[in-house]
Amino acid sequence: MLKNHSEEVRQRILETAKDLFLSDGYKKTTIAKIVSVSGVSSGSIYHWYKNKQEIFEEIVQELMQEAQRLIERDMAGRPPACRYAALLEMELQAIENNPIIREIFCVALGSGEMFLPLVRRHTEYVARLFGDRLTVEECRARILFIHAAMNGYLFAFQQEREAQRTALRQFFLSTSLMILGLSKAEQRACVREIEAAREKWQAKGRQLLAQLTFLAEDADDEKGPDEP
């Protein structure tokens, strides 16, 4: 019984943190605010997590695990490159279709606290997919370059017109696959496959984020007041 109650507390902490990261942003979300909104005591929070970064990292892990589950279920038997491209496509669709998610990615890619969990989880997945050709260290180095390309994509996405964004997305996917060592023919084949199923991955992205209560379609775009 106590174990079940403790798990309920942990879930309440995570759900509250997700909502606050979306409404107030990562920087303005504090442990004190999570305590106030969730009704969970600070002692209970520190029982589970050392700091806000650990909470964010667990949310990223949950998100990645569910994304991988969806990909492995729907793309069983497909080449590893196409499965990783599908993961990137789900992220791109979330970024493109929700300004709050886009802002979170922009902040995450420029913040050491938020960036490292993203790199760690992507590295784990890529090492699982490409472990026969890349070491873990090589996977991590390539993920760092891919996330640098993602940063460039986000900047370009906000500058370009709608008609040019499809080309930008395709270029980003091709660049990411090139960084992983795929040939041009393999890059083109994967990008074609992902683009042909773009609506499916767009729906999967929405499904994933909704399941995690990490996306509210009508979420308020306004930022909360500064925390002391």
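We're numbering straight along the sequence, starting at 1. Since the structure is predicted, the reported quantities are computational estimates derived from the model, not experimental observations. Just so you know, these numbers use all the heavy atoms, side chains as well, and skip hydrogens, waters and symmetry mates.
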Inset, instruction - For residues Glu66 and Glu62, determine if any side-chain heavy atom of one lies less than 4.5 Å from a side-chain heavy atom of the other. - result: no
Inset, instruction - State which residue, out of Leu168, Leu173, Thr166, fulfils the side-chain contact (heavy atoms from CB on, under 4.5 Å) condition with Gln170. - result: Thr166
Inset, instruction - Starting at OH of Tyr84, measure out to CG of Leu129 and round the result to the nearest 0.5 Å. - result: 9.0 Å
Inset, instruction - Working to the nearest 0.5 Å, report the span between CD of Gln11 and OG of Ser38. - result: 13.0 Å
Inset, instruction - Drop me the distance from Ile55's CD1 to Thr16's OG1, to the nearest 0.5 angstrom. - result: 9.5 Å
Legend entry - Path from Ile194 to Phe171 over hydrophobic side-chain contacts below 4.5 Å: no
Inset, instruction - Would you name the heavy atoms of Trp201 and Ala86 that are closest together and state the gap between them? - result: CZ2-CB, 3.7 Å
Legend entry - Atom pair CZ (Arg128) and SG (Cys139), whose distance is rounded to the nearest 0.5 Å: 12.0 Å
Inset, instruction - Determine yes or no for a side-chain-to-main-chain donor-acceptor pair under 3.5 angstrom, with Asn51 supplying the side chain and Glu54 the backbone. - result: yes
Legend entry - Taking every non-hydrogen atom, the tightest pair across Val35 and Val40: CG1-O, 3.2 Å
Inset, instruction - Give a yes or no answer on whether the side chain of Arg142 reaches the backbone of Ile179 with a donor-acceptor pair at less than 3.5 Å. - result: yes
Legend entry - Close side-chain approach of Lys52 to Phe21, heavy-atom, < 4.5 Å: yes
Legend entry - Backbone of Ala32 reached by a side-chain donor or acceptor of Ser36 within 3.5 Å: no
I'd like a table of donor-acceptor pairs (distance under 3.5 Å, sequence neighbours excluded) in which one partner is a side-chain atom from residues 41-48, with atom names and distances.
{"unit_1": "Ser41", "atom_1": "OG", "unit_2": "Ser44", "atom_2": "N", "d": "3.1"}
{"unit_1": "Ser41", "atom_1": "OG", "unit_2": "Ser44", "atom_2": "OG", "d": "3.0"}

Legend entry - Any residue meeting ring pair (Phe, Tyr, Trp, His ring centres under 6.0 Å) with Tyr49, in chain and number order, not counting sequence neighbours: none
Legend entry - Interatomic distance, Leu182 atom CG to Arg133 atom CZ [nearest 0.5 angstrom]: 5.0 Å
Legend entry - Interatomic spacing from CD in Glu186 to SG in Cys82 - rounded to 0.5 Å: 9.0 Å
Legend entry - Check: Ile59 main-chain N/O paired with Lys18 side-chain donor or acceptor under 3.5 Å: no
Legend entry - Worked check of side chain to side chain contact (heavy atoms under 4.5 Å, CB included) between Arg198 and Gln93: CA-CA 9 Å; Arg198 185 155 58 94; Gln93 291 297 338; 3.1 Å; yes
Inset, instruction - With the side chain counted from C-beta on, respond yes when Phe130 and Glu138 share a heavy-atom pair under 4.5 Å apart, and no when they do not. - result: no
Inset, instruction - Please check if Leu180 and Val136 belong to a single hydrophobic cluster, counting links between Ile, Leu, Val, Met, Phe, Trp and Tyr side chain heavy atoms closer than 4.5 Å. - result: no
Inset, instruction - With sequence neighbours excluded, tell me which residues meet side chain to side chain contact (heavy atoms under 4.5 Å, CB included) with Val119. - result: Phe115, Thr123, Arg140, Ile143, Leu144, His147
Inset, instruction - Examine the side chains of Glu57 and Gln53 and answer whether a donor and an acceptor come within less than 3.5 Å of each other. - result: no
Legend entry - Name of the residue among Gln187, Lys184, Arg188 meeting side-chain contact (heavy atoms from CB on, under 4.5 Å) with Ser174: Gln187
Inset, instruction - Quickly, which of Lys204, Lys200, Arg169 forms a salt bridge (charged side-chain N to carboxylate O under 4.0 Å, His left out) with Glu89? Name it, please. - result: Arg169
Inset, instruction - Kindly determine whether Tyr153 and Leu92 satisfy side chain to side chain contact (heavy atoms under 4.5 Å, CB included), including the steps that lead there. - result: CA-CA 10 Å; Tyr153 168 80; Leu92 293 179; 3.5 Å; yes
Legend entry - Presence of salt bridge, Arg12 and Glu15, under 4.0 angstrom: no
Legend entry - Check: Leu20 main-chain N/O paired with Thr29 side-chain donor or acceptor under 3.5 Å: yes
Legend entry - Any side-chain heavy-atom pair of Gln68 and Glu124 under 4.5 Å: no
Inset, instruction - Indicate if Phe155 and Ile146 have the same hydrophobic cluster label, given that clusters are the connected sets of ILVMFWY residues with side-chain heavy-atom separations under 4.5 angstrom. - result: no
Inset, instruction - Step through the shown structure and confirm whether more than 12 heavy atoms of other residues, nucleotides or ligands are within 6.0 Å of CD on Glu199. - result: no
Inset, instruction - Answer yes or no: is there a side-chain heavy-atom contact under 4.5 Å between Arg78 and Ile71? - result: no
